[in-house]
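A short worksheet on the structure shown next.
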Amino acid sequence: MQKRKRPSIFAERVYDVVRCVPRGRVVSYGGVAALLGQPRAARAVGGALGALDDGVRVPWWRVVNRNGEISHRSRLQRLLLQREDVRFDARGRIDWRRFGWMVS
DNA sequence: AAGGTGACTGGCG
DNA sequence: TCGCCAGCCACCT
């Protein structure tokens, strides 16, 4: 049996913010942290998304690092983003001015 | 309860 | 621009 641990309050708040990101747009870990009122908790945001178990519907792939790059480096994340028409430049980075949501 | 870990960042060379 | 490094934060031993 899969023992899924219940998300902490902090994680729940992270998920709520990420769920607000519209398809075709992206946010940075720091951006999510800032929207939570804790601009220095970017690392913790990454931890929360990493602990995300399948079953909880959250568009985690719309969260990238400050350079507009994929941190988790999964084939899947890039695929899902491109499926939403999010473009990657030659360096594999996303243009904040075009796809950034709320904060950048 | 102190120490380790990680899907992070900003600053600096 | 690029890499390295020291803060920073929540969470798990």
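Each chain gets a letter, A, B and so on, in the order its sequence line appears, and its residues count up from 1. No hydrogens, no waters, no symmetry mates; every other heavy atom, side chains included, goes into these values.
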Short side-chain to backbone donor-acceptor contact, [X] and [Y], under 3.5 Å:
X       : Y        : result
A:Arg98 : A:Val86  : no
A:Arg83 : A:Arg78  : no
A:Asp95 : A:Arg97  : yes
A:Gln77 : A:Val63  : yes
A:Trp96 : A:Arg66  : yes
A:Arg25 : A:Gly100 : yes

Grab the [atom1]-[atom2] distance between [X] and [N] for me, whole Å please.
X       : N      : atom1 : atom2 : answer
A:Ile70 : B:dC8  : CD1   : C1'   : 16 Å
A:Leu49 : B:dA7  : CG    : P     : 11 Å
A:Glu69 : B:dT9  : CD    : P     : 10 Å
A:Leu52 : C:dA10 : CG    : P     : 18 Å
A:Leu80 : B:dA7  : CG    : P     : 18 Å
A:Trp60 : B:dA7  : CH2   : P     : 13 Å
A:Arg40 : C:dG7  : CZ    : P     : 12 Å
A:Arg13 : C:dC9  : CZ    : P     : 14 Å

Look at atom CG of A:Leu79 and say whether more than 12 heavy atoms of other residues, nucleotides or ligands are closer to it than 6.0 Å. yes
For A:Arg87, I'd like to know if atom CZ has over 12 heavy atoms of other residues, nucleotides or ligands within 6.0 Å.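 Open.
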Contact class for [X] vs. all strands (heavy atom < 4.0 Å): base, sugar-phosphate, or nothing?
X       : result
A:Gln77 : nothing
A:Ser74 : nothing
A:Phe10 : sugar-phosphate

Listing time: all N or O pairs from protein to nucleotides 2-5 of chain C that are below 3.5 Å?
none

Would you please confirm or rule out a distance under 4.0 Å between OP1 or OP2 of C:dC8 and any side-chain N or O of A:Gln38? no
Is there side-chain contact between A:Ser71 and A:Tyr29, with heavy atoms separated by less than 4.5 Å?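 Of all side-chain heavy-atom pairs linking A:Tyr29 with A:Ser71, at least one is under 4.5 Å.
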Check the interface with nucleotides 3-6 of chain B: list each N/O to N/O pair with the protein under 3.5 Å, or write none.
from: B:dG6; atom 1: N7; to: A:Arg43; atom 2: NH2; distance (Å): 2.9

Any ion pair linking A:Asp16 and A:Arg13 (charged N to carboxylate O, less than 4.0 Å)?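 No, this pair does not count.
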Thinking salt bridges, do A:Arg62 and A:Glu84 make one under a 4.0 Å N-O criterion? yes
Toss me the dot-bracket line for DNA chain C: Watson-Crick and G-U wobble, both under 3.5 Å, 5' to 3', using | for pairs to another strand and [ ] for crossers. .||||||.|||||
Looking at A:Val58 and A:Tyr15, what are the two nearest heavy atoms and their distance? CG2-CB, 3.8 Å
